[in-house]
Amino acid sequence: MPMDVGRVQKEIRDIERDRASGVTIEVQGNSLQKMIGCLKGPSDTPFEGGTFYVNIELDDQYPFVPPKMRFITKVWHPNISSANGAICLDILKDQWSPALTLKTALLSLQALLSSPQPDDPQDAVVARQYLGSLPEYRQTAKQWTDTYAHTQQVVGLEAKVQQIVEMGFEREQAVVALRAAAGDENQAMEILLGA
Amino acid sequence: MGEGGDDDWFEDYDTDMSNASGGASDPGSPHQEHSDGGDSASSSGDDADDGYQERAAAEGSTDQRKRLYTVIDRANLRRMQDEALTQVQSILGCSSTTARALLIFFSWDAETVLGTLAERGQEEVYKRAGLLSQAEEVPQACGDAGAAAGSSDEVTCGVCMCEGPRQEATTMECGHTFCNTCWREHLRISISEGLSRRLKCMAAGCGVVCEEPKVKKLLKDNPPLVAKYEQTLLESYVDDNKRVRWCPSVPHCGNAIRSKELHCEVDCTCGQAFCFACCGVQHSPATCEMQSEWQKCVKDGSETSSWLNANTKPCPKCSKPVEKNGGCNLVLCRCGQAFCWLCGQGTGRQHTWTNIEGHSCGAYKEEAEARADEAQRSLKRYLHYLTRYEANLMASRLEPALRQECESRVDTQMQSVVTSMSDFTWLNEALDQLFLARKCMTYSYIFAYYMFGQTMFKEDFTPETNAINQALFEDKQGQLEMEVERLSHLLESPWPLSHQMMERRMAVINLAANIDVRLRKLYEVIECDIVPQVASRGVGIAPYKGKHAEAAGDSAQEIYRQAAAGEPGPSNSSLLSSDVVDLTAADSDDDRPGARAKGKGRAEAANTGRSKRKAGS
């Protein structure tokens, strides 16, 4: 059975309507199977002020199976891989329920940022640091947020991304490159062409 | 075998077996391998024939052996599962869904279910098993996020987010309502992913198990899926049950085994013989751990390679291992290359006893020498056990041939006119005993290799206690081995003339009984003297499963008594055929496929024999 397009469209409309939630979503291409979610770093955490992009892929069986989510923005967090952004969160695995939505999943990610669960880590190095020396962890996480997820870099990002996508690059690549280049589209192009 | 003896195992046997053998078992059938207590008790009462008593004794001891485990075939799986469900249902007064969820959660152990309920309280246990406690069941009529107002005719499904008529939506026990289309899709995906055992409600955070009747109703248009669902539920009785395992036969015979003990040797009715704990070949008295270590050892010949490492050096030219067999440190490989034994480097051939021309590689190392000694000792030890293990294994491979040989001799004997002997139960029993002893001998070498090797059980024994244990064990093992060889010889050698046959029979029976005693002594040493000293790890050894395991002395005496009384004497026709029954019974007890096939032809003879005898009495 193909994906339940109606439900996904409703979900997207719902997210668009509810601006206060702090999460947004943007569809990639026409199939509704690939999108990029965006969430704000929760306040009073090392992630405050950061904007985090999440790659979302929907299976044909969605919503009966969980969506596949991965952070595009680099994050220093015990439950998120510092290398590839993979997320360790129960509701994205066996605790997924068809009654959950993309919005609730993104909100859960936000909650995960403010309350890490180092006992069930995705990134052992970060988890060890979190348990061993919390101030150091906070500092690194803050540093990563400043470097990779700072709001200032996001100013005008969409336009730049669009520009790069029009040149024939994948959107995700474009976002990553722009991030790495601190928003400088020329430098981002160099990265993309170099890669 | 007294009636009282029957009674004491009859109790648990009844719950296990009376259903398993079902109504199909005909009390008169000669294939009474599963005959329940009632049968053998009543039949030994109805017939006081001597040959018959022997048979009853044999049956009794077989049952005693079966006592540890039960073979469950496909048809009985459902019945046994339903029984467990009904038991919990009737005590708790809950639905079968609830009972099933509880039993699955507690690995089908009804006692633990009830015990934990009493201990922890219903609410906690129910919650953990994904159930609503009865107190909660009623009030949650209208749901939260997922379900819409109860009275309205339209419901909004929280999954597809569409509105639809109430009659096309289903509310589960927990009160969450979703439309049938979504339920079906959810169930379809969950079942095909193998989650049938715990089909959860779709609402977020609700772990409640969907009710079986509603699941089946929702899926009524998809019979294969329902079948898969039911099958998984059924198989859960085996898959999630610690006491039940599938028979490991390939292709699978469909049977499952329920055992009271983890360490137990099982003979499935399909002929597969295996260890319940590891599902591998039977290996008592060695433990599963010893067996797997040994197999690894035998497979990669690691002891050999460690000896090679310690005693040979590869030739620097052709790389073949070279052993130094004397002389000085200049070693000459078969390929013609000369090299220095100390450092392994290739050299010229010019040398004296003390040095090699143009070569110098430092002092001789004592350490290396000691290592070589140690490795050689351990290899010798390994080879000692390996040889004996393999010799016994080889002998066991010849078992079927010996059995066949004996059976053909019996046939010849039966056809000859001037026969004085017609009962050959003793022969079959002796063969069984011999084969069992061979098997135990084989694995007793593995046991000894590890138990007295001072590696696996290093912490448990001082060298002194180890030596005592080993002496004790080897004494019993030696005695057993002697008897086994004697019996083996006696069974293999040609039969004497018919008038000496009674003597041969007595000798064989004696030896078999002796072997049984020796085996039990060996197990006694293992179980009572050696194993209790081990504290470092669990030592699970399947008990001795001799036919005469408990009543051995009795039945042997019984046989003596008969033999002394000069029975079976007259060779009248009715006795003859009733003795064939004995042989068949012993055959089918054996559960071997070969024995089975043979038993078939005799079954008819046995039936006629029985009817004849009945007519006679």
Side-chain angles (χ1 to χ4, degrees), chain A residues 1-18 20-21 23 25 27 32-33 35 37 56-69 87-112 115 117 120, chain B residues 105 127-128 130 140 142-148 155-164 169-172 174-210 215 218-219 221-222 225 229:
Chain A
M1 191 170 118
M3 193 176 67
D4 187 348
V5 179
R7 154 151 171 168
V8 179
Q9 276 168 341
K10 273 185 195 139
E11 278 194 50
I12 292 168
R13 271 204 300 279
D14 184 47
I15 292 174
E16 276 167 1
R17 227 179 292 130
D18 185 7
S21 66
V23 299
I25 209 160
V27 180
L32 281 181
Q33 293 208 315
M35 38 193 95
I56 304 171
E57 270 182 53
L58 301 184
D59 198 272
D60 276 348
Q61 294 179 327
Y62 180 84
F64 300 98
V65 297
K68 291 189 184 69
M69 291 195 175
I87 305 162
C88 183
L89 181 64
D90 58 355
I91 64 146
L92 291 181
K93 291 172 182 148
D94 55 324
Q95 292 301 307
W96 171 258
S97 141
L100 291 172
T101 61
L102 294 174
K103 184 171 136 191
T104 50
L106 286 172
L107 289 173
S108 301
L109 286 183
Q110 215 171 20
L112 184 70
S115 50
Q117 292 149 6
D120 183 20
Chain B
F105 188 75
K127 202 171 173 187
R128 278 172 58 200
Q140 254 190 340
C142 57
D144 39 298
V155 271
T156 307
C157 169
V159 173
C160 61
M161 298 173 177
C162 297
E163 289 197 1
T170 302
T171 308
M172 283 296 160
C174 49
H176 296 123
T177 308
F178 298 97
C179 75
N180 288 349
T181 319
C182 287
W183 273 122
R184 273 188 213 111
E185 191 63 9
H186 171 65
L187 295 173
R188 186 182 69 78
I189 289 169
S190 298
I191 292 172
S192 38
E193 281 183 8
L195 303 172
S196 300
R197 274 160 234 177
R198 235 187 119 160
L199 292 176
K200 289 192 297 181
C201 164
M202 287 197 285
C206 176
V208 170
V209 178
C210 299
V215 170
L218 280 165
L219 296 177
D221 296 331
N222 195 344
L225 206 60
Y229 171 63

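A, B, ... follow the sequence lines: proteins, then strands. Residue 1 opens every chain. All heavy atoms count here, side chains included; hydrogens, waters and symmetry mates do not.
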>> Looking at every heavy atom in both A203(B) and A99(A), which two are closest together, and how far apart are they?
In response: CA-CB, 4.0 Å
> Relative to chain A, which segment of C206(B) carries a heavy atom at a distance below 4.5 Å: side chain, backbone, both, or neither?
Replying inline: neither
> Side chain, backbone, both or neither: which part of V65(A) has an atom under 4.5 Å from a heavy atom of chain B?
Replying inline: side chain
> Tell me, side chain or backbone of D90(A) under 4.5 Å from chain B's heavy atoms, or both, or neither?
Replying inline: neither
> So, for P98(A) and M202(B), which heavy atoms are closest and what is the spacing to 0.1 Å?
Replying inline: CD-O, 3.4 Å
> Non-hydrogen atoms of chain B under 4.5 Å away: do they reach the side chain of T101(A), the backbone, both or neither?
Replying inline: side chain
> Can you tell me how far CD of E193(B) sits from CD of Q61(A), rounded to the nearest 0.5 angstrom?
Replying inline: 6.5 Å
>> Test your reading of the model: is there a side-chain donor-acceptor pair from R7(A) to the backbone of V159(B), 3.5 Å cut-off?
In response: yes
> Roughly how far, to the nearest 0.5 Å, is CZ of F64(A) from SG of C182(B)?
Replying inline: 4.0 Å
> Are the side chains of K200(B) and Q95(A) in touch, meaning some heavy atoms are under 4.5 Å apart?
Replying inline: yes
